[in-house]
Amino acid sequence: MGAVARVDRVFDALGDPGRRALVATVAARGSATATELAAELPVTRQAVAKQLGVLMDAGLLQPTRVGRETRYRVTPEPFDDAAAWLVEMGARWDERLAALGRSLTRARASTSSVGVLQHRRTRGKPARPDDGAASCA
């Protein structure tokens, strides 16, 4: 699976608030079973198991068999991939915003220099009310 597909799966899995809460709970505990997680939630163990499956498919949780139980722990690597993607996107936006800032600065400098030139040309001359129009006197 490519890096982009892995990141897509991470964001898809974390797009659900319930799955984010499960990841946070497992991370806080170090590991947990579906039964332990369901005991604290108003949903069935099967519903929790389904959500854990989505998180496993995204690589966010790693299951380990301990006797008759399956314990889940958080796998940090997919979070690193997603964080790297966010940093890259942030850098791209920083570059675009910096370019926009430079463009605005040049535009302001250009506008202010035009105003200075116009001021120099008209200094000491009376203002003309209708520049270029024929008078009707």
Side-chain angles (χ1 to χ4, degrees):
M1 182 183 330
V4 172
R6 281 193 310 268
V7 170
D8 287 349
R9 290 182 104 166
V10 168
F11 285 123
D12 284 344
L14 294 176
D16 180 81
R19 288 193 291 263
R20 285 194 307 271
L22 286 174
V23 170
T25 301
V26 172
R29 291 177 171 208
S31 73
T33 67
T35 303
E36 292 169 350
L37 294 166
E40 299 175 13
L41 299 170
V43 296
T44 65
R45 184 198 167 288
Q46 289 77 15
V48 170
K50 181 179 177 183
Q51 300 295 10
L52 292 171
V54 172
L55 294 166
M56 283 186 338
D57 288 345
L60 296 168
L61 294 180
Q62 179 66 43
T64 304
R65 282 297 271 181
V66 179
R68 295 179 66 194
E69 293 183 325
T70 300
R71 300 200 68 77
Y72 299 89
R73 65 176 180 78
V74 173
T75 309
E77 292 82 15
F79 289 101
D80 294 341
D81 293 342
W85 184 86
L86 289 170
V87 167
E88 180 183 337
M89 288 301 109
R92 287 183 187 176
W93 275 105
D94 288 346
E95 290 170 15
R96 292 181 78 184
L97 290 172
L100 177 60
R102 289 188 299 272
S103 178
L104 289 172
T105 299
R106 284 192 302 269
R108 286 185 187 132
S110 174
T111 302
S112 66
S113 64
V114 167
V116 168
L117 289 174
Q118 287 175 343
H119 176 72
R120 286 182 184 160
R121 284 189 211 138
T122 60
R123 194 177 332 154
K125 297 180 183 177
R128 293 181 279 182
D130 194 7
D131 203 15
S135 68
C136 299

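Any value given below was found using the heavy atoms of this structure, including those in side chains, with hydrogens, waters and symmetry copies removed.
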- Hydrophobic cluster membership, Leu61 vs Leu14, 4.5 Å side-chain cutoff: yes

- Query: Can you list every pair that meets salt bridge (charged side-chain N to carboxylate O under 4.0 Å, His left out) and has a residue in residues 71-81, with sequence neighbours left out?
  - Reply: Arg6-Asp81, Glu36-Arg71, Glu69-Arg71

- What residues form a side-chain contact (heavy atoms from CB on, under 4.5 Å) with Val54, not counting sequence neighbours? Ala13, Arg19, Gln51

- Among pairs that include at least one residue of residues 37-82, which meet ring-ring contact (aromatic ring centres under 6.0 Å, His included), considering only residues two or more places apart or in two chains? none

- CG of Asp16 to CG of Leu22, rounded to nearest 0.5 Å, is 8.5 Å

- To the nearest 0.5 angstrom, please state how far the CG atom of Leu37 sits from the CG atom of Leu52. 6.0 Å

- In this structure, are over 12 heavy atoms from other groups packed under 6.0 Å from Arg65 atom CZ? yes

- Is Met56 linked to Leu41 within one hydrophobic cluster, defined over Ile, Leu, Val, Met, Phe, Trp and Tyr using a side-chain heavy-atom separation of less than 4.5 Å? yes

- Message: Ignoring hydrogens, what is the shortest heavy-atom contact between Ala82 and Val10? Give both atom names and the distance.
- Response: CB-CG1, 3.9 Å

- Quick one: closest heavy-atom pair of Pro76 and Val74, and the distance? CD-O, 3.7 Å

- With sequence neighbours left out, which residue pairs that include part of residues 12-58 fulfil the ring-ring contact (aromatic ring centres under 6.0 Å, His included) condition? none

- Task: Considering non-hydrogen atoms only, spot the tightest contact between Leu60 and Pro78 and give its length.
- Result: CD2-CB, 3.7 Å

- Item | ring-ring contact (aromatic ring centres under 6.0 Å, His included): pairs with one or both residues in residues 83-108, sequence neighbours excluded | Phe11-Trp85

- Message: Applying side-chain contact (heavy atoms from CB on, under 4.5 Å), can you list everything that pairs with Arg102, at least two apart in sequence or on another chain?
- Response: Ala98, Ala99, Arg106

- Query: Taking a hydrophobic cluster as the set of Ile, Leu, Val, Met, Phe, Trp and Tyr residues connected by side-chain heavy atoms closer than 4.5 Å, whether directly or through intermediates, do Val43 and Val26 fall within one such cluster?
  - Reply: yes

